[in-house]
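See below for the structure under consideration.
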Amino acid sequence: MMKNKKIAIIGCGNLGESVLNGLISNANFTNSNITATRRNLAPLDHLKDTGIVLTSDNVKAIQESEIIILGLKPFNILPMLKDLKSHINADKHIVVSLATAISIEDIQANINPGVSVFRAMPNTAADVGMSMTCICSNTDDKEKNLLIQQCFDAIGVSISIDEKLMDSATVLGACGIAYVLRFMRAMTEGGVQIGFDAQTACNIAKQTVKGAAELLIGNNQHPEVEIDKVTTPKGCTIAGLNEMEHNGLSSSVIKGIVTSFEQIKK
Ligand SMILES: NC(=O)c1ccc[n+]([C@@H]2O[C@H](COP(=O)([O-])OP(=O)(O)OC[C@H]3O[C@@H](n4cnc5c(N)ncnc54)[C@H](OP(=O)(O)O)[C@@H]3O)[C@@H](O)[C@H]2O)c1
């Protein structure tokens, strides 16, 4: 189904390129059917030999595509759609916005009536085919919903959510990458203090975090169930964990999540 689909990524920056890399690595997509745009193409030079069409011409990219993925900054999305309005048609195009806090209603108000609009919130793990993507749309069309779901399943895992949870999805899924990476940095620094060189400590942190995630996914468990398995009474794990909690580990993570959420609302 995806092999013949023509996709344009308009505004191929950090997130757009992560999505693009995920699509390139997936055999279900044809590179020459994917167009990536930005004004300064130099950062995409390394993709020249992949077959991906690289251009600064947004109109041409849209005319030659069916799925239009908008990777622009939120403040750019609506003015850009206004400019491109006459080139986006309900019978040909599906618009997918990756922008934080720009509603489907706002997008619809700036394009022709009847165009199917999706919002997708992937994260930068799309780069390695491991994104968590939350999706919502203004259409009940099963085929279109399946198409967009397949598009984002190709770069990780996707779920369909209510649009009112899209800001929450941004925080937990997209900002979440940074929270976890900061935790991993702290683990690495702790590892150095107890004797490992930085590279070895980082490698241990990486595989341990990956293993913890796989454990929860594979066993379909709540984290505390797996924690109980490694906390021997009076042992070193529970002593360290409780020390972290006395210093506010869970509380600071929850407060950080809520602060990010409130920041989006501003
Ligand atoms: N980063 C994340 O983890 C993340 C996660 C979820 C959602 N988001 C959302 O994803 C969107 C992009 O974020 P980002 O971090 O990827 O931003 P970014 O790196 O700044 O990417 C935006 C891109 O748009 C391009 N652009 C600007 N004007 C353009 C135009 N007229 N025509 C074509 N391209 C144009 C810019 O390149 P030029 O200047 O070369 O044109 C830039 O590469 C945002 O709306 C954000 O809310 C980001």
Side-chain angles (χ1 to χ4, degrees), residues 7-23 34-48 52-65 67-88 95-104 106-107 110-111 117-137 148 151-152 155-159 161 163 165-182 256-257 260-266:
I7 301 172
I9 302 180
I10 306 292
C12 196
N14 288 322
L15 186 62
E17 204 181 330
S18 295
V19 171
L20 181 62
N21 287 338
L23 295 178
I34 304 175
T35 303
T37 80
R38 56 181 294 163
R39 289 164 305 179
N40 170 22
L41 288 170
L44 302 179
D45 269 356
H46 62 285
L47 296 169
K48 267 183 179 160
I52 299 289
V53 182
L54 304 172
T55 177
S56 292
D57 189 339
N58 292 325
V59 171
K60 193 160 176 278
I62 285 173
Q63 282 171 341
E64 288 171 4
S65 302
I67 300 173
I68 305 168
I69 299 178
L70 301 169
L72 299 153
K73 287 283 192 205
F75 65 85
N76 266 341
I77 293 269
L78 300 181
M80 174 73 82
L81 284 174
K82 235 179 224 166
D83 286 350
L84 297 171
K85 182 174 175 170
S86 60
H87 304 284
I88 304 175
V95 170
V96 184
S97 165
L98 308 182
T100 306
I102 305 291
S103 68
I104 289 176
D106 288 339
I107 294 169
N110 287 276
I111 54 177
V117 178
F118 286 74
R119 289 178 64 192
M121 191 48 64
N123 62 35
T124 48
D127 206 48
V128 289
M130 294 288 284
S131 175
M132 176 67 235
T133 307
C134 293
I135 303 173
C136 63
S137 78
I148 300 307
C151 204
F152 286 97
I155 57 165
V157 171
S158 76
I159 56 167
I161 64 168
E163 189 181 15
L165 283 171
M166 228 37 201
D167 289 346
S168 309
T170 305
V171 173
L172 209 54
C175 309
I177 287 276
Y179 308 147
V180 174
L181 291 173
R182 183 55 66 81
I257 287 172
S260 289
F261 182 74
E262 284 165 354
Q263 186 69 21
I264 290 186
K265 294 285 174 206
K266 285 181 196 162

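Order of listing sets the numbers, starting from 1, for every ligand and every atom in it. By convention here, the first residue in the shown sequence is residue 1.
Those atoms of ligand 1 with a heavy atom of Thr100 less than 4.0 angstrom away are 45 (O), 46 (C), 47 (O). Taking every heavy atom of Ala99 and a limit of under 4.0 angstrom, the matching atoms of ligand 1 come to 45 (O), 47 (O). Interface of Asn76 with ligand 1, defined as ligand atoms under 4.0 Å from a residue heavy atom, comprises 27 (C), 28 (N).
Counting heavy atoms closer than 4.0 Å to ligand 1, residue Pro74 contributes atoms from both its backbone and its side chain. Contact annotation for Asn58 and ligand 1: only side-chain heavy atoms (C-beta onward) come within less than 4.0 Å of the ligand. Both the backbone and the side chain of Lys73 come within 4.0 Å of ligand 1, counting heavy atoms alone.
Residues Leu20 and Leu47 form a side-chain contact, since some pair of their non-hydrogen atoms from C-beta on lies under 4.5 Å apart.
When Ile77, Thr133, Asn14, Leu98 are checked for heavy-atom proximity to atom 9 (C) of ligand 1, Leu98 turns out nearest. By heavy-atom distance, the residue among Thr55, Leu84, Leu41, Leu15 lying nearest atom 48 (C) of ligand 1 is Leu15. Among Thr124, Ile264, Ile10, the residue whose heavy atom sits closest to atom 2 (C) of ligand 1 is Thr124.
Considering backbone and side-chain N/O of Leu72, one or more are found under 3.5 Å from N/O of ligand 1.
Ranking the protein heavy atoms by distance from atom 21 (O) of ligand 1 puts Gly13 CA, 3.3 Å first. Remark: minimum distance from atom 24 (O) of ligand 1 to any protein heavy atom is reached at Gly11 CA, 3.4 Å.
Heavy-atom separations between Met80 and ligand 1 include at least one value shorter than 4.0 Å.
In this model, a donor atom of one side chain and an acceptor atom of the other lie less than 3.5 Å apart for Ser103 and Asp106.
Residues satisfying the side chain to side chain contact (heavy atoms under 4.5 Å, CB included) test with Asn58, not counting sequence neighbours, are Ile10, Thr37, Met80, Leu84.
Contacts classified as salt bridge (charged side-chain N to carboxylate O under 4.0 Å, His left out) and involving residues 166-181 (residues at least two apart or in different chains) are given here: Asp167-Lys265.
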